[in-house]
Amino acid sequence: MAKDNKQKIIEVLTSISKQRGFIFQSSEIYGGLGSTWDYGPLGIELKRNVKNLWWKSMVTSRDNIVGMDAAILMHPGVWEASGHVENFHDPLVDNKESKKRYRVDHLLEDQDQGVIDQLVDSMDSKSSYKDDEEKYQAIVAFLLDNENTSDEILKNCKVIDPHTNAKGDWTKVRQFNLMFKTHVGPVSDSSSVVYLRPETAQGIFVNFLNVQGTSRQKLPFGIAQIGKAFRNEITTGNFIFRTREFEQMEMEFFCKSGETGKWLEYWSNERLEWFKSLGVTENKLRLRPHGPDELAHYSSACFDVEYQFDFGWSELEGIADRGTYDLDQHMKHSNKKLTYFDQANNEHIVPAVVESSAGVDRAVLTILADSFTQEEVNGEKRNVMKFDPKIAPITAAIFPLFNKEGMPEIAKKITDDLKNKFSTFYDAGGSIGKRYRRQDEAGTPFGITVDYDTLTDNTVTLRDRDTMEQKRISIDSITSAISDSV
RNA sequence: GCGAAAGUAGCUCAGCUGGUAGAGCAUCACGUUGCCAACGUGGGGGUCGAGGGUUCGAAUCCCUUCUUUCGCUCCA
């Protein structure tokens with residue numbers, strides 16, 4: 001039941017997004033490109049509002065966080081230092097019988113000791129391993145080195161499919177690299193390989209000293225950035241939830257090593273509150289601590305902000321204790337000192353980092369999913385996007401009740417007067433009811449209608465999107481009436 | 001990548017016992033309308049994903065291919 005529902009909501013959102021101009025399929029006239037999406041006129045306003053509110057909440061309203069904007073292309077050494085070249089790929093194998101796919105290292109964890117021993121025996125060079133993980137990594141590397149026979153090796157060693165508890169009919173082991181590669185310069189030799197960044201965070205770490213020095217910030221302080229990131233995901237989907245090109249809002253908070261626990265808790269709560277402040281339903285939001293097995297290679301503790309989509313609780317943002325991992329790594333690989341001089345204790349220290357990393361597109365999808373409602377009005381279906389007025393693409397729509405007796409001129413004048421303060425839209429097409437409904441679907445919180453009374457007493461009606469109730473106010477008080485809720 | 005489903009108008013879809021395309025909604029223009037998807041008239045919009053084959057004739061049957069969606073592993 002929930003499953004049927006799920007597809008419907010995403011389908012409805014996809015369809016409305018296209019019809020109304022929120023989000024379009026990328027390269028549509030060429031048949032589309034998998035899981036890439038373009039933002040239309042309404043979508044980009046919504047997205048910009050989300051980003052602006054994030055920037056305001058994280059940067060401009062705080063003294064100890066500054067912004068920056070790094071290039072998408074960076075020196076390849078950055079990704080070697082960060083661990084992405086080494087870790088950001090998955091060795092995968094399929095069982096042709098059960099149609100299940102496994103990460104090879106995860107698959108090994110589910111095998112009996114005998115199977116593991118056989119695999120180790122089949123390897124050419126024998127050596128001792130300090131733990132199972134090291135042993136599994138060696139097996140994975142061996143299988144990848146012998147990709148052409150890897151299927152036979154798995155079958156000969158009787159590797160079990162945990163799903164069926166029987167020997168699997170395995171495919172060859174293949175490596176899926178999650179970073180997009182491209183080339184700088186006209187020659188595509190290996191020396192010119194660069195990556196499209198898989199996260200914006202590294203642009204912050206490599207600029208740590210530049211930013212700290214020029215902004216004269218003292219610990220603890222943060223550096224924030226909004227920008228595109230790219231991951232060659234094997235599986236994408238759920239509309240704009242998981243895409244290969246996406247936008248991040250990240251803030252790296254630098255503090256003393258012993259203080260990360262405190263700041264992790266602080267930022268987790270701050271970030272949860274931020275989503276609430278956008279008007280997202282509170283009981284569909286939660287903070288979830290990561291289990292030890294879920295932690296990324298750089299992180300020792302992590303909280304996810306999750307939203308309850310129709311397809312399940314899903315991550316919107318991760319708040320992670322990255323320790324000194326990133327700065328340590330960059331010091332090691334670049335041979336540059338990335339330390340902070342602590343005057344109080346008269347010592348150079350490597351700051352630890354608490355990271356808050358949110359997906360812009362996921363925030364937009366959350367708002368779309370959370371705002372979408374269908375109601376029955378006089379037996380007719382009414383679609384309403386109940387956006388908070390702060391983030392609505394259009395704040396106020398202005399209508400002449402009829403296209404005569406000077407009403408359009410007055411309505412246009414009101415539109416022009418409001419333009420400087422709010423996002424506005426003038427519409428004189430079709431019946432008044434139809435125009436209200438169009439704006440309901442665009443999520444416009446306020447409707448202003450010029451009617452016959454306007455001609456004599458200079459008042460208009462102000463319509464509330466959610467209740468559809470109207471009240472008469474004077475033209476002069478429109479701005480203040482709207483300002484109260486934006 | 002593997003598996004499943006699907007590609008016909010801007011959207012949702014019908015047409016698929018082969019006879020060269022329709023509906024509802026949307027959109028545009030004009031008229032009408034004293035406030036919630038009203039009404040009237042008219043208009044624009046499709047080489048039926050692409051290529052090939054069978055046939056006198058293919059949206060419809062066959063083959064190939066492309067793309068999308070969903071699931072599997074992963075993540076913001």
Side-chain angles (χ1 to χ4, degrees), chain A residues 3 6-7 10-12 14-21 24-35 88-107 163 171-172 174-176 178 198-201 229 231-244 246-250 294 296 304-306 311 314-320 355-363 365 377-383 399-405 407 429-441 447 449-453 461 463 465 468-470:
Chain A
K3 255 198 145 57
K6 149 204 160 179
Q7 289 185 336
I10 287 290
E11 273 168 25
V12 167
T14 309
S15 168
I16 284 190
S17 289
K18 174 159 191 195
Q19 285 182 63
R20 285 295 161 211
F24 309 118
Q25 171 83 61
S26 162
S27 316
E28 199 181 23
I29 61 170
Y30 286 97
L33 177 66
S35 94
F88 210 58
H89 49 64
D90 294 328
L92 297 179
V93 67
D94 294 310
N95 180 357
K96 286 185 251 181
E97 270 167 24
S98 68
K99 306 299 179 200
K100 291 286 169 190
R101 158 170 296 178
Y102 297 94
R103 263 179 67 164
V104 178
D105 49 340
H106 289 177
L107 184 63
H163 193 74
T171 61
K172 293 177 171 52
R174 283 152 310 169
Q175 181 80 282
F176 284 78
L178 295 179
E199 61 175 20
T200 59
R231 293 180 191 175
N232 199 5
E233 298 285 353
I234 298 145
T235 303
T236 54
N238 281 326
F239 196 24
I240 55 171
F241 186 80
R242 185 183 294 116
T243 54
R244 297 195 172 92
F246 60 103
E247 199 161 11
Q248 294 185 308
M249 306 182 282
E250 293 198 304
E294 301 180 78
D304 282 350
V305 177
E306 296 186 332
F311 51 83
S314 305
E315 178 182 359
L316 304 179
E317 169 160 356
I319 300 101
E355 167 185 274
S356 121
S357 173
V360 177
D361 311 274
R362 288 185 179 186
L365 182 63
V377 178
N378 301 328
E380 297 279 354
K381 200 175 67 181
R382 183 173 90 115
N383 288 338
F399 319 105
L401 185 59
F402 300 111
N403 289 314
K404 58 184 182 186
E405 300 190 37
M407 293 180 200
S431 72
I432 189 68
K434 181 175 282 189
R435 285 177 266 165
Y436 286 145
R437 289 293 196 275
R438 273 201 286 251
Q439 292 304 316
D440 288 340
E441 220 169 59
T449 305
V450 171
D451 59 12
Y452 286 98
D453 290 350
T461 60
R463 171 185 183 266
R465 174 197 62 204
M468 295 187 288
E469 281 168 10
Q470 292 174 289

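Chain letters run A, B, ... following the sequence lines, proteins first and then strands; every chain starts at 1.
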Exercise. Once you round to the nearest 0.5 Å, how far does CZ of A:Arg437 lie from OG of A:Ser431?
Worked result: 9.5 Å
For this session: Go through the steps to decide whether A:Asp451 and A:Thr461 satisfy the test side chain to side chain contact (heavy atoms under 4.5 Å, CB included), and finish with yes or no.
Result: CA-CA 8 Å; A:Asp451 59 12; A:Thr461 60; 4.0 Å; yes
For this session: Using both distances under 3.5 Å as the test, list the Watson-Crick or G-U wobble partner of B:U27, or none.
Result: B:G43
Exercise. Across the strands shown, which category fits A:Gln439 at heavy-atom distances under 4.0 angstrom: base, sugar-phosphate, nothing?
Worked result: nothing
For this session: Spell out yes or no: do the side chain of A:Arg244 and the base of B:C75 have one donor N/O and one acceptor N/O closer than 3.5 Å?
Result: no
Exercise. For the side chain of A:Phe402, counting heavy atoms from C-beta on, which of B:U69, B:C35, B:G34 is nearest?
Worked result: B:G34
Problem set entry | B:C36 base / A:Arg463 side chain donor-acceptor hit below 3.5 Å | yes
Exercise. For atom C1', what is the distance between B:G15 and B:C28, given to the nearest Å?
Worked result: 28 Å
Exercise. Counting any heavy atom closer than 4.0 Å, what does A:Gln470 reach on the DNA or RNA strands: base, sugar-phosphate only, or nothing?
Worked result: base
Exercise. What integer number of Å spans the C1' atoms of B:U60 and B:U54?
Worked result: 14 Å
Exercise. How many angstroms lie between CD in A:Glu441 and CZ in A:Arg465, if you round to the nearest 0.5 Å?
Worked result: 12.5 Å
Exercise. Rounded to whole angstrom units, what separation is found between the CZ atom of A:Phe24 and the C1' atom of B:U67?
Worked result: 20 Å
Exercise. On a plain distance test, is the side chain of A:Arg231 in donor-acceptor contact with the base of B:C75 below 3.5 Å?
Worked result: no
Exercise. Paired with B:U32: which nucleotide, if any, by Watson-Crick or G-U wobble criteria at under 3.5 Å for both distances?
Worked result: none
For this session: Measure from CD1 on A:Ile16 to P on B:A26 and round the result to the nearest Å.
Result: 14 Å
For this session: Taking the six-membered ring of A:Tyr436 (Phe, Tyr or Trp), confirm whether the NZ or CZ of A:Arg463 is under 6.0 Å from its centre and within 45° of its axis.
Result: yes
For this session: Compute whether any side-chain donor of one residue and acceptor of the other, for A:Glu199 and A:Ser357, lie under 3.5 angstrom apart.
Result: no
Seminar exercise, completed: The Watson-Crick or G-U wobble partner of B:A5, with both key distances under 3.5 Å, is B:U68
Exercise. Does A:Tyr452 stack onto the base of B:G34, taking stacking as ring centres under 5.5 Å apart and planes under 30° apart?
Worked result: yes
Exercise. Which value, in whole Å, describes the distance between the C1' atoms of nucleotides B:A29 and B:C66?
Worked result: 40 Å
Exercise. A:Phe239 or A:Lys18: which one's nearest nucleotide on RNA chain B is closer to the 5' end?
Worked result: A:Lys18
Exercise. Using atom C1' of each nucleotide, how far apart are B:A23 and B:C48 to the nearest Å?
Worked result: 16 Å
Problem set entry | Test item: A:Ser15 and A:Arg20 side chains (from C-beta on) under 4.5 Å apart, heavy atoms | no
Exercise. Is there a Watson-Crick or G-U wobble partner for B:C48 with both distances under 3.5 Å, and which nucleotide is it?
Worked result: none
Seminar exercise, completed: Taking a pair to mean Watson-Crick or G-U wobble geometry with both distances below 3.5 Å, B:A59 pairs with none
For this session: Answer with base, sugar-phosphate or nothing: what part of the nucleic acid does A:Leu316 contact at a heavy-atom distance below 4.0 Å?
Result: sugar-phosphate
For this session: Could you walk me through whether A:Phe399 and A:Ile432 pass the side chain to side chain contact (heavy atoms under 4.5 Å, CB included) test, one step at a time?
Result: CA-CA 8 Å; A:Phe399 319 105; A:Ile432 189 68; 3.8 Å; yes
Exercise. Which value, in whole Å, describes the distance between the C1' atoms of nucleotides B:G44 and B:U27?
Worked result: 9 Å
For this session: Determine: side-chain N/O of A:Arg465 to OP1/OP2 of B:C36, distance under 4.0 Å, yes or no.
Result: no
Problem set entry | Interatomic distance, A:Arg382 CZ vs B:C35 C1' [rounded to whole Å] | 14 Å
Exercise. Using a cut-off of 4.0 Å on non-hydrogen atoms, how would the nucleic acid contact of A:Ser431 be classed: base, sugar-phosphate, or nothing?
Worked result: base
Problem set entry | Donor-acceptor pair (no angle test) under 3.5 Å: A:Glu315 side chain, B:C75 base | no
For this session: Can you tell me, in whole Å, how much space there is between the P of B:U73 and that of B:U12?
Result: 29 Å
Exercise. Using a cut-off of 4.0 Å on non-hydrogen atoms, how would the nucleic acid contact of A:Asp361 be classed: base, sugar-phosphate, or nothing?
Worked result: nothing
Exercise. What is the distance from CG of A:Asn403 to C1' of B:A29, rounded to the nearest Å?
Worked result: 13 Å
Problem set entry | Between B:G40 (C1') and A:Lys434 (NZ): distance, integer Å | 13 Å
For this session: Please indicate yes or no: is the ring centre of A:Phe246 less than 5.5 Å from the centre of the six-membered base ring of B:A76, with the two planes inclined by under 30 degrees?
Result: yes
Exercise. Less than 3.5 Å between a donor and an acceptor, one on the side chain of A:Arg242 and one on the base of B:C74, is that the case here?
Worked result: yes
Exercise. Which part of the nucleic acid, if any, lies within contact of A:Phe241, taking any heavy atom under 4.0 Å across all strands shown: a base, the sugar-phosphate backbone alone, or nothing?
Worked result: base
Problem set entry | Rounded interatomic separation in angstrom, taking CD1 from A:Ile432 and P from B:C35 | 10 Å
Problem set entry | Side-chain donor/acceptor of A:Arg231 to backbone N/O of A:Thr243, under 3.5 Å | no
Exercise. Between the base of B:C35 and the side chain of A:Thr461, is there any donor-acceptor pair under 3.5 Å?
Worked result: yes
For this session: Rounded to whole angstrom, note down the P distance from B:U64 over to B:C25.
Result: 41 Å
Problem set entry | Identity of whatever pairs with B:U20 - Watson-Crick or G-U, under 3.5 angstrom | none
Exercise. For A:Thr243, which contact category applies under a 4.0 Å heavy-atom criterion: base, sugar-phosphate, or nothing?
Worked result: base
Seminar exercise, completed: Here the distance between atom P of B:U33 and atom CG of A:Asp451, to the nearest Å, is 16 Å
Exercise. Heavy atoms under 4.0 Å, any strand shown: does A:Thr449 hit a base, just sugar-phosphate, or nothing?
Worked result: base
Exercise. Does the ring of A:Phe246 carry A:Arg362 above it, NZ/CZ under 6.0 angstrom from centre and within 45° of its axis?
Worked result: no
Exercise. Say you pick atom C1' in B:A21 and the same atom in B:A58; how far apart are they, in whole Å?
Worked result: 13 Å
Exercise. Which one, B:A76, B:C35, B:U12, comes nearest to the side chain of A:Arg362?
Worked result: B:A76
For this session: Using a heavy-atom cut-off of under 4.0 Å over every strand shown, decide if A:Asp453 touches base, sugar-phosphate, or nothing.
Result: base
For this session: Check the distance between B:A37's P and A:Arg20's CZ and give it to me in whole angstrom.
Result: 14 Å
